[in-house]
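Heads up, the thing below is written out as structure tokens.
As the structure is a prediction and not an experimental result, all values here were calculated from the model.
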Amino acid sequence: MIRFLSFVFFFLFSTQLIYAQDERIQLNITVHNENNVGLKGASVIVDGSDPSITNSNGVTSFSVTKGKHSIKIIHSQYQEKELHINLSSSRNISLQLQSENKLEEVVITAREGKGLTSKSIINKQAMEHLQPSSFTDLLELLPGGLARDPSLTSVNKPLIRENTDGPSGYNTSSLGIQFMIDDNIWNSNADMQVSSDTSHMLSADNARNTTTTGVDMRTLSTNDIEKVEVIRGIPSAAYGDLTSGLIKIERKVGNTPLQARFKADGFSKQYYVSKGFQLTKDWQLTASADLLDAKIDPRNEFENYQRITASIRSKKKSTLWSRPLEWRSNLDLSNNVDKKKYDPDTGYPTIDKYNSTNTRISLTNNFIYLLDDKAFFNKITLNTAIRQGFDKIDQIKLVQQSGPRSISLATEQGENVGIFPALRYVSNFTTDGKPLDITGLFQINGNRKTGPLSHAYEAGIDWRYSKNNGKGQQYDLQTPPTATMTTRPRAYDDIPASQLLSAFLGDQISYTANEHKFTLYAGLRFSKQMGVDKSYSISKQVFTEPRINFQYSLPQLMINNCPLKTDITLGYGIFYKQPTLMMMYPNKKYWDYTQLNYYHNDEQYRYVNFMTYVQSLENKNITAAKNVKTEARLDVSYRNHNFFISYFKEDMKNGFRSTAYYVTHSYKQYDASQVDLSQWNNGPDLTNLSYTLMKNFGSYTITENGSATLKNGIEFGYSSPRIKSINTRFTLTGAWFRTQYRNTIPVQEKPSVSIGTDPFPYVGIYQSDYGYINSNLNYNLFIDTYLPNLDLTISASLQGTLFDHRKRDHRIAEPTSYFDMDGNVYTFTEADKDDIYKQWLVRNVSVTDNLATKYTFNINGNLKITKSIYKSLCTSMFVNRLFNYYSPYYNNGIKVQRKGEYAPYFGMELNYNF
């Protein structure tokens with residue numbers, strides 16, 4: 001495949017250079033409306049090149065070669081027009097556009113893109129009507145998406161083309177979704193915020209840990225967003241370090257009045273203010289601020305989340321060497337705070353607190369420089385971004401021991417003397433992170449005709465730097481969060497930086513023959529980790545990612561003088577997601593075995609001796625997770641009836657996974673009865689004490705490429721034209737998802753049984769761990785009515801699941817082999833099932849473990865209303881689950897009723913333009 005693509009690129013670029021000196025002719029295009037008035041601002045695209053905008057007279061010009069060309073004209077208030085011409089000399093063309101029905105312009109759902117890859121486009125109008133609290137709410141508009149109650153006090157991980165209730169241990173799909181804001185990467189590879197005691201306050205940190213899930217969508221406000229593109233299919237080679245999809249966010253910049261928004265619902269309150277300025281004719285600036293205050297429950301004052309964002313965005317147009325230059329600069333600040341403390345009425349200690357703060361300051365500068373249309377490359381893009389984070393987890397914990405406990409202070413492996421902490425003390429522990437992300441993208445684009453082929457090509461270099469300069473996990477060794485700590489404090493600034501360097505090139509080729517249009521995109525991306533120690537295998541690897549998309553546009557079929565348009569699209573791509581800093585450089589694991597514990601009523605005669613073992617958890621063989629994506633899509637449109645159906649398949653067989661391993665430790669167990677206080681010298685004389693040599697298995701986990709996430713499914717959607725008599729449009733979307741999760745490497749398990757006084761002497765090696773197969777079919781019927789005389793929009797959605805089947809993948813009870821404390825590996829046999837020890841290696845896998853849970857049909861009715869009051873004030877309200885029905889299902893032959901499980905959820909908001 002690599003050699004084939006290399007030959008294709010060599011051939012294509014060679015032919016372009018050969019034809020570079022072809023004779024060029026002038027093509028002048030005038031666009032006007034039904035009254036023959038020139039249309040300003042129309043986008044004219046010739047042969048798939050970058051659009052040229054018509055001037056105040058509706059005129060634009062191109063320098064093209066002789067031969068066949070395709071022309072497409074797009075205007076926001078007029079119907080799109082496309083035609084094909086054959087030029088032998090310079091020519092003036094006049095084209096008329098038909099007015100678009102104003103009612104058709106009101107789109108309050110996601111629109112399916114008709115390009116080379118499957119993507120959903122969500123505009124500002126749709127977001128305003130949806131009334132979101134965070135970016136999470138927008139995923140309802142994707143095929144297969146459903147409305148959900150906000151969960152703003154825990155991580156909101158993104159998912160594309162996947163069941164929303166997937167197992168927590170398979171997070172590579174979420175980590176592999178790339179977010180871009182104003183064409184700049186939102187990188188999370190340096191996120192290392194993990195608590196030193198994850199079990200504190202009912203595992204408060206586990207619900208807020210994003211080190212393995214990527215971007216937390218609740219931190220992204222939607223108030224400034226102008227447009228969102230969710231690329232579910234195969235993006236071009238210009239995008240990398242992703243596996244599942246790409247989300248591109250474009251924020252508004254321009255002269256706007258002072259705007260304010262207030263939203264309230266059962267979980268949160270949100271405030272927003274924004275103002276756009278026209279500094280000069282070619283310089284625009286927008287400033288905005290946003291505040292969200294959310295609670296886990298409106299009656300609970302002890303667990304909440306706050307988000308504060310502020311942004312200044314600038315766009316300036318100028319010239320450099322007489323050529324157009326656009327400079328876009330953004331300065332952003334975001335602050336996210338999670339707080340939790342105990343309710344004094346629950347009996348838990350009120351001194352305990354959990355506080356997690358994540359602050360980000362970012363500065364981005366994007367430059368677009370347009371060269372002469374006749375140049376081989378006519379567009380240069382330079383995007384730079386620097387983002388500094390200040391993250392801190394502050395925890396306070398009251399530690400109360402049930403009796404005397406001992407702890408080790410050792411940070412190195414070997415025998416050591418410990419201490420006896422107080423029976424009651426307060427532990428203060430923090431995690432300090434300062435993630436620094438710097439990105440740079442240099443890209444060049446061009447377009448050219450070579451004979452009958454039209455080319456739109458790209459090439460570029462992408463550099464991403466991630467480093468965490470924080471102090472890391474910090475606490476006093478003498479007052480640890482627990483007496484059984486298995487880690488020690490460590491600084492993050494000692495960890496090397498991650499540097500990913502990528503190069504890419506691609507070409508989109510269009511060919512038209514007698515109204516048959518063929519479009520092919522072929523791209524190739526190369527990526528390499530820079531600066532990684534040579535002991536890591538990834539330091540020697542170069543990751544190659546081919547991308548191919550092909551679209552065939554059939555000749556338009558005229559029915560009642562209206563064209564029926566049909567497109568068939570195919571795609572294939574390979575994607576890699578690099579391991580994060582936390583995966584590459586995890587903290588070490590510590591075991592503290594008590595060899596002698598002598599506790600005397602007199603403090604001067606108290607002594608404890610430990611044997612401490614230290615295990616590095618670094619995996620030198622870790623590599624990037626690889627996902628292979630294929631898809632096929634059919635698009636049909638006729639008189640504003642639009643229908644699509646797509647089939648996709650994704651195979652990721654080496655996703656990241658925490659895998660347990662066991663190592664044998666030996667230590668001494670001294671006889672405390674032999675301690676002679678007369679020989680005491682800062683402790684007993686251990687040389688005079690007899691001991692027993694003990695062995696034990698110590699368990700630890702490392703991150704490996706050991707999980708598979710296999711997806712396939714069908715997405716579909718239909719949108720009708722707005723029916724004039726009732727001003728109503730019907731939109732039906734849905735998807736069938738089937739996702740399989742399983743391990744791809746053997747797992748080790750030690751039975752939790754005790755036989756006699758010694759530890760269990762064997763560890764089993766098993767082919768299968770817990771696996772899952774989830775399959776569901778979701779639907780969403782959206783009915784929206786727009787009444788222009790009242791400036792009122794009413795929408796109702798009937799959405800739910802036709803079926804939702806969840807099954808555990810078959811888990812084999814018997815091990816394939818096992819090993820003893822001396823490291824000897826044996827094959828597990830039938831005879832071992834009768835052995836007093838080895839019989840316990842057969843895991844307890846019951847019949848019900850592999851039974852499927854088959855949920856049946858359900859339906860939810862949601863209502864949303866948006867109304868403009870006067871010209872400046874707009875009010876909205878929504879009610880989710882205004883009514884619902886969940887049909888009963890059968891589990892192991894027992895009928896299960898689902899009544900009254902889901903209560904309505906409602907809210908309202910006000911928008912004011914001063």
Side-chain angles (χ1 to χ4, degrees), residues 103-111 120 122-152 164 222-223 261-270 294 298 717-723 725-734 778-802 857-869 873-887 898-911:
L103 295 178
E104 294 295 338
E105 297 178 20
V106 181
V107 180
I108 56 177
T109 60
R111 178 171 57 87
S120 299
I122 306 171
N123 61 21
K124 183 68 175 177
Q125 217 167 18
M127 285 181 277
E128 289 176 346
H129 188 70
L130 186 65
Q131 306 164 55
S133 296
S134 69
F135 194 88
T136 308
D137 299 325
L138 300 187
L139 300 189
E140 174 191 347
L141 301 178
L142 303 185
L146 301 174
R148 294 181 177 272
D149 291 352
S151 178
L152 296 171
T164 55
T222 61
N223 290 309
R261 179 193 181 211
F262 168 73
K263 180 193 174 184
D265 57 40
F267 300 92
S268 64
K269 294 181 178 64
Q270 189 173 179
Y718 163 77
S719 63
S720 73
R722 197 169 291 279
I723 302 172
S725 58
I726 56 175
N727 292 341
T728 301
R729 173 190 282 120
F730 294 85
T731 304
L732 174 66
T733 62
N778 295 346
Y779 66 92
N780 190 346
L781 175 60
F782 200 82
I783 307 167
D784 66 279
T785 301
Y786 176 60
L787 304 177
N789 294 333
L790 300 176
D791 203 0
L792 173 69
T793 302
I794 304 174
S795 69
S797 64
L798 302 175
Q799 58 179 236
T801 302
L802 292 181
F857 171 79
N858 67 69
I859 184 171
N860 293 280
N862 306 327
L863 177 67
K864 293 180 173 63
I865 299 175
T866 303
K867 175 71 174 72
S868 292
I869 303 175
L873 182 64
C874 179
T875 182
S876 304
M877 62 85 65
F878 68 90
V879 182
N880 286 350
R881 296 187 303 275
L882 183 62
F883 66 88
N884 61 73
Y885 171 73
Y886 287 74
S887 65
R898 297 186 291 171
K899 292 184 178 180
E901 292 187 9
Y902 303 97
Y905 159 64
F906 59 90
M908 58 81 63
E909 71 172 55
L910 293 173
N911 290 274

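Atom NZ of K269 is surrounded by 12 or fewer heavy atoms from other residues, nucleotides or ligands within 6.0 Å.
Atom OH of Y786 is separated from atom CG of L792 by 9.5 Å, given to the nearest 0.5 angstrom. To the nearest 0.5 Å, atom CD1 of residue I726 and atom CG of residue L787 are 10.5 Å apart. Taking CG from N780 and CG from L141, the interatomic distance works out to 8.0 Å, rounded to the nearest 0.5 Å. Here Q131 contributes atom CD and M877 contributes atom CE; the two are 8.5 Å apart, rounded to the nearest 0.5 Å. In this structure, the separation between CG on L732 and CG on L781 is 6.0 Å, given to the nearest 0.5 Å. Note that OG of S868 is 8.5 Å distant from CG of L873, once rounded to the nearest 0.5 Å.
G144 and N778 get closest at one heavy-atom pair: O-ND2, 2.9 Å. Summarising the geometry of F878 relative to D265, their closest heavy-atom pair is CZ-CB, 4.2 Å, with the distance given to 0.1 Å.
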In sequence, state the C-alpha distance, the side-chain angles, and the governing distance for Q270 and N223, and then conclude on side-chain contact (heavy atoms from CB on, under 4.5 Å).
CA-CA 10 Å; Q270 189 173 179; N223 290 309; 3.0 Å; yes
Show, in sequence, the C-alpha distance, side-chain angles and deciding distance for T733 and F782, and conclude whether the side-chain contact (heavy atoms from CB on, under 4.5 Å) test is met.
CA-CA 8 Å; T733 62; F782 200 82; over 6 Å; no
side-chain contact (heavy atoms from CB on, under 4.5 Å) between N880 and N860, worked out
CA-CA 8 Å; N880 286 350; N860 293 280; over 6 Å; no
List the steps, then state whether side-chain contact (heavy atoms from CB on, under 4.5 Å) holds for L130 with T109.
CA-CA 9 Å; L130 186 65; T109 60; over 6 Å; no
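The aromatic rings of Y885 and F857 are tilted relative to each other, their planes meeting at an angle between 30° and 60°.
For the pairing with E909, the salt bridge (charged side-chain N to carboxylate O under 4.0 Å, His left out) check across K864, K263, R261 returns one residue only, R261.
Side chain of E128 to backbone of A126: no donor-acceptor contact under 3.5 angstrom is found. Formation of a donor-acceptor pair under 3.5 Å by the N884 side chain with backbone atoms of I859 is not found in this model. For the pair N858 (side chain) and G800 (backbone), a donor-acceptor distance under 3.5 Å is absent. Within the 3.5 Å criterion, the main-chain N or O of H129 finds no donor-acceptor partner in the side chain of T866.
At least one side-chain heavy atom of R722 sits less than 4.5 Å from a side-chain heavy atom of D784. A heavy-atom distance below 4.5 Å is not found between the side chains of L139 and R148. Inter-residue side-chain proximity for N727 and P788 is flagged as met; some heavy-atom pair is nearer than 4.5 Å. Taking 4.5 Å as the limit, every side-chain heavy atom of R111 sits out of range of all side-chain heavy atoms of N123. Proximity of T728 to I783: side-chain heavy atoms (C-beta onward) are separated by under 4.5 Å at one or more points. Between S120 and P143, some side-chain heavy-atom pair lies under the 4.5 Å cut-off. The shortest distance between side-chain heavy atoms of P904 and L882 does not fall below 4.5 Å.
By the ring pair (Phe, Tyr, Trp, His ring centres under 6.0 Å) test, F267 pairs with Y905, sequence neighbours left out. F262 meets the ring pair (Phe, Tyr, Trp, His ring centres under 6.0 Å) test with Y271; sequence neighbours excluded.
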